[in-house]
Each structure stands twice: as structure tokens, then as C-alpha cells.
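Reviewing the structure listed below.
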Amino acid sequence: MPPIRAHSTLIIGGAQIFIASSNNDRVESTVQKIKASDPNTSLKGFTIDLEAAYVEERLEKLFADVVEANGGERLDHIVYIAARFDFRPVNAVTVEWLRSRAMNQFFIVVPLLIAKVGTRFLKESYKSSLIFTSGRITEKAVKGLAVAAAYSTGLAGLVKTLALEAAPIRVKLVSPGTTDTEVQGPDGSEKRLKSMAAAGASSILGKVGAPEEVAEAYLYLMKDWNATGSVVSTSGGVLLQ
């Protein structure tokens, strides 16, 4: 499963960066990797369990702790990239599964609570933003993934309406294609190499996205003070064929 991360206060140049995940070891590892690549980066990690029943209280504490670490100053940006997919076909769906918390929690409950709680910790300005993450299935149907598409496209609709309700704070969505990260498997593993090869073959560019490339979509949405309710795709052109 991908790491659970909620990024905030990310500004280009002299950034104050805060990351959060459910796994403290992963947080520490990420902090060390980033600082090793850029010793001047101001970075602090936190942990939060987004699957917890009391997730609203946990989000409230996380944002309060981040603001305190930010010298009491409200945040400029919050980015939510957590996901928990269960790629089962429609004929495998049960009422019990639909009522379970996994995908509901990550695609409905947590985004809504971040909108409710997180915006109180953002500067009330069009320069501030709340950015969610979905995937290419939001924009292009994939046979066998109707269930995942229901959650993913629902998040896209949520973003557009939240843009109206959260204004002047901007609300946006990034829709990445397959990206070469540990989500695809350990670095250099056969699973990851096969996944990357298959995804690259379906891209008109003949490649998959690198994390640094996909990150540019988030940075653009942070810097474009005229963008809200927007969906930005970064998927190598797979939507075109």
C-alpha cells in the first residue's frame, strides 16, 4: 500500500515543508533522504493514522502541531496524496465490503474532513491552496475498475464544489498516471520493472512519470493564483489513446 502522507506549507524557495505519514520509520527515512539531497531544506515530519475512527481529532491535532512548528503562522498549502485502492470488479462487490472503511475513509471521509478542518489552518487568501490527488481513471474509463472509478471521479466532483465553498482558498486536483515510486514495488524489483515497462508501453511518450516530473503539477497549482476547481493531468498522454 502507498504511504499515507499529507504535505503542507510547501513554497518554492526558502520552503518550510512538513510531511506526515502513518509510518514513523517512513517519515524519518523520507526526511533524511530529502535533507541529504538538499541540506538547506527546512523539513519536519509527523505521524497520523488516517484509518483511525477518531480521524477528525487526529487531523485537528496534526494541523495544530504543524502550525506550532511553523512559528504559529497559518499554512500556505495542504496537499493530500494518500490512497487505499481495492481493485475488485463489480461482480465481487458485497454490501459488507461497501460499508467497510478502507476506500470510503481515504476517498470520502478524509478529504471532506481535511476540507473542514484543514482550511481553518490555511491563510484565508487566494494565494493559499488545498490540493487533492486522484488518478487517470478519473478521466478515462478502464474496464474492470468501475468501483475504483466511482471513488476517484467522486473526488473530482468534490474538488469542484469545494472550490466554491472554500474560496478565496483555491481547491484543485492532480491526476497522475503511473509514476515510478515505491508504490510499484521495491526499487529494482522484478515487480516494479514489469509494472514500469507495461505502463511505459501504453504512454505515447514511451515512459512513465518520474516523481520529480509529477511534482511539477502540484507546484504549478500552488503558484498559479488564478487556478481553482482545476484538474491537472500528468500521465504521459495515456488519455489520448
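Keep in mind the model is a prediction, meaning the values are calculated, not measured.
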Going through the checks in order, is the salt bridge (charged side-chain N to carboxylate O under 4.0 Å, His left out) test met by D49 and R58? CA-CA 8 Å; D49 179 8; R58 291 173 185 265; 5.2 Å; no
If two hydrophobic side chains count as joined below 4.5 Å and joins carry through other members, does [X] share a cluster with [Y]?
| X | Y | result |
| --- | --- | --- |
| V232 | L219 | yes |
| M222 | W225 | no |
| L158 | L164 | no |
| V238 | I204 | no |

Exercise: do S152 and S134 side chains pair donor with acceptor under 3.5 Å: yes
Will you find, in the side chains of E216 and T234, an N or O donor that is under 3.5 Å from an N or O acceptor? no
Of all the heavy-atom pairs spanning [X] and [Y], show the shortest one and how long it is.
| X | Y | value |
| --- | --- | --- |
| V171 | A166 | CG2-CB, 3.8 Å |
| I81 | V79 | CG2-CG1, 3.7 Å |
| T228 | A163 | OG1-CB, 3.5 Å |
| A227 | L221 | CB-CD2, 4.3 Å |
| I78 | G118 | CD1-O, 3.7 Å |
| S233 | L239 | OG-CD1, 3.7 Å |

[X] side chain near [Y] side chain, heavy-atom distance below 4.5 Å:
| X | Y | result |
| --- | --- | --- |
| S22 | T47 | no |
| I131 | H77 | no |
| T138 | L155 | no |
| K172 | S129 | yes |
| I19 | T30 | yes |
| E28 | N24 | yes |
| V55 | Q105 | yes |
| L130 | Y80 | no |

Let me confirm one number: the [atom1]-[atom2] distance from [X] to [Y], rounded to the nearest 0.5 Å.
| X | Y | atom1 | atom2 | answer |
| --- | --- | --- | --- | --- |
| I34 | S42 | CD1 | OG | 11.5 Å |
| D65 | E60 | CG | CD | 10.5 Å |
| L122 | I169 | CG | CD1 | 4.5 Å |
| I114 | L62 | CD1 | CG | 8.5 Å |
| T94 | R88 | OG1 | CZ | 6.0 Å |
| R170 | S125 | CZ | OG | 8.5 Å |

Under 3.5 Å: donor-acceptor pair, side chain of [X], backbone of [Y]:
| X | Y | answer |
| --- | --- | --- |
| S29 | D25 | no |
| T161 | V159 | no |
| S203 | G236 | yes |

Please step through salt bridge (charged side-chain N to carboxylate O under 4.0 Å, His left out) for the pair E57 and K61, ending with a clear verdict. CA-CA 6 Å; E57 290 83 350; K61 184 179 186 307; over 6 Å; no
Quick one: list whatever passes ring-ring contact (aromatic ring centres under 6.0 Å, His included) with F121, sequence neighbours left out. F63
Does the pair K123/D76 count as a salt bridge with the N-to-O cut at 4.0 Å? yes
I would like to know whether L75 and N70 meet side chain to side chain contact (heavy atoms under 4.5 Å, CB included); could you show each step before the answer? CA-CA 8 Å; L75 311 178; N70 197 40; 4.2 Å; yes
Taking only residues two or more places apart in sequence or in another chain, which ones pass side chain to side chain contact (heavy atoms under 4.5 Å, CB included) with E124? P168
Partner residues of A141 under the side chain to side chain contact (heavy atoms under 4.5 Å, CB included) criterion, sequence neighbours left out: none
In sequence, state the C-alpha distance, the side-chain angles, and the governing distance for V117 and E56, and then conclude on side chain to side chain contact (heavy atoms under 4.5 Å, CB included). CA-CA 8 Å; V117 177; E56 181 172 357; 3.9 Å; yes
Can you tell me if CG on D38 sees more than 12 non-hydrogen neighbours from other groups inside 6.0 Å? yes
Can you establish whether the number of heavy atoms outside K207 located under 6.0 Å from its atom NZ is more than 12? yes
Assign the ring pair F18 / F46 to parallel, tilted or perpendicular, where the plane angle (0 to 90°) is split at 30° and 60°. tilted
Between F107 and Y151, what is the ring plane arrangement, given parallel below 30°, perpendicular above 60°, and tilted in between? tilted
Side chain to side chain contact (heavy atoms under 4.5 Å, CB included) evaluation trace for W97 with V147: CA-CA 11 Å; W97 178 81; V147 176; 3.2 Å; yes
Before you tell me yes or no, could you show the steps for R192 and D180 under salt bridge (charged side-chain N to carboxylate O under 4.0 Å, His left out), namely the whole-Å CA-CA distance, both residues' side-chain angles and the distance that decides it to 0.1 Å? CA-CA 8 Å; R192 183 162 172 174; D180 190 9; 2.8 Å; yes
